[in-house]
Engineer: 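One structure, pasted below without further comment.
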Amino acid sequence: MVRGKTQMRRIENATSRQVTFSKRRSGLLKKAFELSVLCDAEVSLIIFSPRGKLFEFASSSMQGTIERYQKHAKGNQTSNESSSSEQNMQHLKQKATSMMKQLELLEVSKRKLLGEGLGSCTLAELQEIEHQLEKSVNNVRARKSQVFKEQIEQLREKEKLLKAETAQLVEKCGSFQPRKTLDERRENTTYTDSSTSSDVETELFIGPPESRARR
């Protein structure tokens, strides 16, 4: 009788699932034992049932095999970390070397722009340097003109502010002038009245009223 192909999915029936677990567990433990005996391999097998029951097999010592596995896993992790660190260091070294070369090229270009080290330059290189210098001079002149314009605008703004302040001061001085004139008028009027009263003659007579009448 030909057996049907088993589908790799969870068995829904609990009884069938438990029967299948028991059969497959026994077969797996048997295969582990055969592998350890036939191939002289260190084999350890740990199985937990759906209910949490432990089944295990060890060809030598379960604890010893676990410790050996932990050491091996730790060694692989350290080796991987070391390899990764070496790769990072190699990448950083290559990047630093590339940056140093770029700095050297920039330094040489700077010296040529300053007119130094031109002896080994070809005609094309000299023309390129001349073009770069002309471009730089044009940029400097353009920036210089822009700065002049900005300063002129600032001076104009200051001039406007000074004119406005001057107009305010003139207006304030004009508002004080009439009051001062009125005060001067009051002082002149008082002085005139006092002068007039001082010019009036006063006649003083001592004696009886009759004598004063005759006189």
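Hydrogens, waters and symmetry mates play no part in the numbers below; they use all other heavy atoms, side chains included. This chain uses plain numbering: 1 for the first residue, then up along the sequence. Bear in mind that the values here come from a model prediction, so they are computed numbers and not experimental data.
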Engineer: Let me check something: do Phe21 and Leu54 share a hydrophobic cluster, defined by ILVMFWY side-chain heavy atoms less than 4.5 Å apart, either directly or through other members?
Structural biologist: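 No, no single cluster joins them.
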Engineer: For the residue pair Ser49 and Phe55, establish whether any side-chain heavy-atom pair is separated by less than 4.5 Å.
Structural biologist: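 Side chain of Ser49 against side chain of Phe55, heavy atoms only: contact under 4.5 Å found.
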Engineer: Show, in sequence, the C-alpha distance, side-chain angles and deciding distance for Glu165 and Lys163, and conclude whether the salt bridge (Lys or Arg N to Asp or Glu O under 4.0 Å) test is met.
Structural biologist: CA-CA 5 Å; Glu165 292 177 357; Lys163 286 183 178 180; over 6 Å; no
Engineer: Quick check: do Lys112 and Leu118 have side-chain heavy atoms less than 4.5 Å from each other?
Structural biologist: yes
Engineer: Are Ser59 and Phe33 side-chain neighbours, meaning at least one heavy-atom pair lies under 4.5 Å?
Structural biologist: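 Side chain of Ser59 against side chain of Phe33, heavy atoms only: no contact under 4.5 Å found.
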Engineer: Decide yes or no on salt bridge (Lys or Arg N to Asp or Glu O under 4.0 Å) for Arg68 and Glu42, but give the supporting numbers first.
Structural biologist: CA-CA 10 Å; Arg68 183 178 178 182; Glu42 184 177 353; 2.3 Å; yes
Engineer: Just do the salt bridge (Lys or Arg N to Asp or Glu O under 4.0 Å) check on Glu153 and Lys149 with the steps written out, would you?
Structural biologist: CA-CA 6 Å; Glu153 291 296 329; Lys149 290 180 180 179; over 6 Å; no
Engineer: Quick one: does Lys110's side chain get under 4.5 Å of Glu116's, heavy atoms only?
Structural biologist: no
Engineer: Do the non-hydrogen side-chain atoms of Leu123 and Gln127 ever get within less than 4.5 Å of each other?
Structural biologist: yes
Engineer: State, yes or no, whether a side-chain contact exists between Ile47 and Leu28 at a heavy-atom distance under 4.5 Å.
Structural biologist: yes
Engineer: With side chains defined as the heavy atoms from C-beta onward, is the minimum distance between Tyr69 and His72 less than 4.5 Å?
Structural biologist: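 Side-chain contact under 4.5 Å: no.
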Engineer: Using side-chain heavy atoms (C-beta onward) and a distance below 4.5 Å, is Thr65 in contact with Ser60?
Structural biologist: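 Counting from C-beta outward, Thr65 and Ser60 do come under 4.5 Å.
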Engineer: What heavy-atom pair brings Leu45 and Met62 nearest, and what distance separates the two atoms?
Structural biologist: O-CE, 3.7 Å
Engineer: When you look at Glu107 and Arg111, which way does the side-chain contact (heavy atoms from CB on, under 4.5 Å) test go after all the steps?
Structural biologist: CA-CA 6 Å; Glu107 186 66 25; Arg111 290 179 180 177; 3.7 Å; yes
